[in-house]
Amino acid sequence: MKIIQNIKEMQQEIRYSKSLGKSIGFVPTMGALHEGHLSLVKEAQRENDIIVMSVFVNPLQFGPNEDFECYPRNVEKDAALAEDAGVHYLFYPDASEMYPKPLSVKMLVKERVNVLCGAKREGHFDGVVTVLTKLFHIIQPEKVYFGLKDAQQIAVIEGLVEDYFFPIEVVRVPTVREIDGLAKSSRNVYLSETERAEAPALYESLKRAKEKIENGRDDPEEVKNSIKDFLSLHITGAIDYIEIYSYPKLERVEKLQGEIIIALAVQFKEARLIDNIIINV
Ligand code: PAF
């Protein structure tokens with residue numbers, strides 16, 4: 001695996017791979033790699049000749065009160081995990097490489113952002129699409145891989161790719177789960193023993209809702225209430241939201257039909273957990 005910090009050098013390698021007719025699969029990350037990221041690499045390996053992973057903690061997508069400074073950074077560990085997983089190029093630029101001067105053109109996401117977690121993170125997705133536009137131009141992948149755990153991010157990126165005609169396929173990779181169904185997340189370690197025992201109820205509530213919909217329930221409010229009732233019985237954490245939207249447009253629906261997402265967020269004492277399920281009704 002080659003570690004590259006410089007954009008020009010990365011572009012040269014990409015030109016070389018393309019001249020050999022190789023297809024490129026891209027896994028953008030902010031590092032602190034875990035099994036979720038490695039599942040993206042695995043998926044990318046099945047479908048591409050060359051795997052490029054980027055590790056870049058993008059300052060533009062952090063709000064003033066968010067954890068940019070203390071976001072975990074350990075490039076040696078990430079590089080070892082990426083190499084083991086079969087990544088060919090680890091692109092690891094620093095902020096002055098990616099943002100050498102103030103931007104003269106700014107990107108503003110107008111749809112799919114003011115709901116779910118995006119509702120409380122003003123400007124976050126503007127930062128995500130800005131950095132991805134830069135990365136897509138540098139790496140020029142045929143396919144790019146994202147985890148469905150952050151389904152809103154995928155929805156926004158699909159909008160970006162569609163609006164700006166990027167010749168890239170966005171691949172939605174299923175959420176990696178613990179054996180009891182809890183979505184894997186670096187935040188799970190902050191759960192107390194009791195909370196950890198309760199946490200699988202999040203996914204259980206989503207599966208039960210899916211079953212209800214498959215059995216013909218089509219009123220979003222009724223389904224949301226059933227999730228709320230189930231969670232109230234099984235968890236001590238506070239429900240932040242339970243929402244149902246069309247996917248990937250993330251618009252309100254009167255009736256459950258077509259592709260929909262059921263998404264929820266729960267605040268435990270030290271950890272805020274999110275989960276979702278996407279269903280084609
Ligand atoms: O999901 C992430 O890690 C980041 O939002 C991404 C897509 C790498 C952009 O910085």
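Side chains are part of it too, since the values below use all heavy atoms of this structure and drop only hydrogens, waters and symmetry mates. Atoms within each ligand, like the ligands themselves, are counted from 1 in listed order.
When non-hydrogen atoms are compared, ligand 1 lies under 4.0 Å from neither the backbone nor the side chain of Phe56.
Residues Leu103 and Thr130 meet the side-chain proximity criterion, which asks for heavy atoms closer than 4.5 Å.
A cation-pi geometry, defined here as NZ or CZ lying under 6.0 Å from the six-membered ring centre and within 45° of its normal, does not hold between Arg73 and Tyr92.
Between Phe166 and His137, the ring planes are tilted. Angles from 30° to 60° get that label. Between Tyr99 and Phe56, the ring planes lie tilted relative to each other; the angle falls in the 30° to 60° range.
For ligand 1, the atoms lying closer than 4.0 Å to a non-hydrogen atom of Val131 are 9 (C), 10 (O). Interface of Phe146 with ligand 1, defined as ligand atoms under 4.0 Å from a residue heavy atom, comprises 7 (C).
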Do Lys207 and Glu211 pass the salt bridge (charged side-chain N to carboxylate O under 4.0 Å, His left out) test, and can you show the C-alpha distance, the side-chain angles, and the key distance before you say yes or no? CA-CA 6 Å; Lys207 282 194 300 183; Glu211 220 172 280; over 6 Å; no

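Counting protein heavy atoms only, atom 5 (O) of ligand 1 is closest to Gln153 OE1, 2.8 Å. The nearest heavy-atom contact from the protein to atom 3 (O) of ligand 1 is Met30 CG, 3.5 Å.
At a 4.0 Å cut-off, at least one heavy atom of Thr29 sits close enough to ligand 1 to count as contact.
The shortest N or O to N or O distance between Gln61 and ligand 1 is below 3.5 Å.
With hydrogens and angles left out, the side-chain atoms of Tyr245 and Glu251 include no donor and acceptor closer than 3.5 Å.
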